[in-house]
J.: 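Have a look at this one before I ask anything.
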Protein chains: 2
Amino acid sequence: MTTAESSRTLAHPERDRIRLEEVLHALADPMRLRVVCALDAGDTEQSCTELQLPVTKSTSTHHFRVLRESGVIRQTYRGTAKLNALRREDLDLLFPGLLDSVLAGAARQGDGG
Amino acid sequence: MTTAESSRTLAHPERDRIRLEEVLHALADPMRLRVVCALDAGDTEQSCTELQLPVTKSTSTHHFRVLRESGVIRQTYRGTAKLNALRREDLDLLFPGLLDSVLAGAARQGDGG
DNA sequence: GGCGTACTACGAAGACTATCGTACTGGCAT
DNA sequence: ATGCCAGTACGATAGTCTTCGTAGTACGCC
């Protein structure tokens, strides 16, 4: 059966309010960079547990929150799960080439996961 | 008279040892982002005082050190002054497009100084 | 040599960060 | 209803970061 989207909503910054410094800070953490790479590599939205971070659940929650509040990812509830997606369109519009160069650099370094 | 380069040397990371996370972290600070923008805008190498940061000298030293140790800038002594230059060639080779997108994003936001 | 300038070193205060554990909530399935 | 699963909230802790002030070093100039 198709699980409907929950009524719970999460605060996301508008595109205009996404700040470069916050995006860079969000991407500067190895754990979060890993998440971003995984989200880019996967073809569909991925839940938090699906990403298999080597930290506890609460730490995981913290990192996803930082990514969401900085405008890097968009999170939506579906049932008990929370799906994560890169805000690629917004980021590409605001900072053309940034995400691609970061992803390429991470892959080059072997941060892909 | 032409002031010769000092014998004092400063530790810079080799190109291969420049880490993406450290570069992103270095660029994520507003003060350092401002320095990077100013270095990009100026046509010649600029000394620390020339950049007129709104912080004390010791804080300024700290930020320049972070930028140097992360591989973002190259510093050379000349007399009592220390000249700063972007390591554009190294960065462009390692992370193509990263510096340009960050500089463009900063200019867009008005972080130029 | 003596002075001024440019930057550094060191220590300290305050804020922030990453991480964890425990207790909790919301939703699905039985 | 009961239980389970995914994620949250809160508090604690240990580490890092930004900032400052003061004292010190290196260099050029008089």
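Remember, predicted model here, so these are calculated numbers, not experimental data.
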J.: To the nearest Å, give me how far apart CD (B/Q52) and C1' (C/dC7) are.
T.: 15 Å

J.: Quick check against the 3.5 Å criterion: does B/T59 have a side-chain atom that pairs as donor or acceptor with the backbone of B/V55?
T.: no

J.: At what distance, to the nearest 0.5 angstrom, does CD1 of A/I18 lie from CZ of A/F95?
T.: 7.0 Å

J.: Could you tell me whether A/S60 contacts a base, only the sugar-phosphate backbone, or nothing, with contacts defined as non-hydrogen atoms closer than 4.0 Å?
T.: nothing

J.: Given atom CD of A/Q75 and atom P of D/dA6, what is their separation to the nearest angstrom?
T.: 16 Å

J.: With distance as the sole test, does B/R15 use its side chain to make a donor-acceptor pair with the main-chain N or O of B/D90 at under 3.5 Å?
T.: no

J.: Where the side chain of B/T56 is defined as all heavy atoms beyond and including C-beta, which of C/dC7, D/dG21, D/dT18 is the nearest nucleotide?
T.: D/dG21

J.: Closest approach to the side chain of A/V55, judged atom by atom: which nucleotide of C/dA6, D/dT19, C/dT19 is it?
T.: C/dT19

J.: Can B/D29 and B/R34 be counted as an ion pair, charged N to O under 4.0 angstrom?
T.: no

J.: Does A/L83 offer a backbone N or O that forms a donor-acceptor pair with the side chain of A/Q46 under 3.5 Å?
T.: no

J.: Kindly indicate whether the side chain of A/T80 and the base of D/dG7 share any N or O donor-acceptor pair separated by less than 3.5 Å?
T.: no

J.: For a quick test of reading the model: is some side-chain N or O of A/S58 closer than 4.0 Å to OP1 or OP2 of C/dG21?
T.: no

J.: Output the rounded distance in Å from CD (B/E21) to P (D/dC17).
T.: 13 Å

J.: At less than 4.0 Å, is any side-chain N or O atom of A/H62 found next to OP1 or OP2 of D/dA9? Yes or no.
T.: no

J.: What is the distance, to the nearest angstrom, from the CZ atom on A/R78 to the C1' atom on D/dC5?
T.: 15 Å

J.: Check the distance between C/dT17's P and B/D29's CG and give it to me in whole angstrom.
T.: 12 Å

J.: Does a sphere of radius 6.0 Å around CZ in A/R74 hold more than 12 heavy atoms from other residues, nucleotides or ligands, not counting ones at 6.0 Å or beyond?
T.: yes

J.: Write down the distance between CZ (B/R68) and C1' (C/dC7), rounded to a whole number of angstrom.
T.: 12 Å

J.: Between A/R88 and A/D100, does at least one N-O distance fall below 4.0 Å, as a salt bridge requires?
T.: yes

J.: Closer than 4.0 Å, any side-chain N/O of B/R65 to the OP1 or OP2 of C/dC7?
T.: no

J.: Whole angstroms only, please: what is the NZ-C1' distance between A/K57 and D/dC10?
T.: 15 Å

J.: Rounded to the Å, how far apart are B/E45 CD and C/dC7 P?
T.: 13 Å

J.: Under 3.5 Å, which protein N or O atoms sit close to an N or O of nucleotides 11-16 of chain C? Give each pair with its distance.
T.:
none

J.: So, is A/T59 close to the C/dC20 phosphate, meaning a side-chain N or O under 4.0 Å from OP1 or OP2?
T.: yes

J.: Are OP1 or OP2 of C/dC7 and a side-chain N or O of B/T49 less than 4.0 angstrom apart?
T.: yes

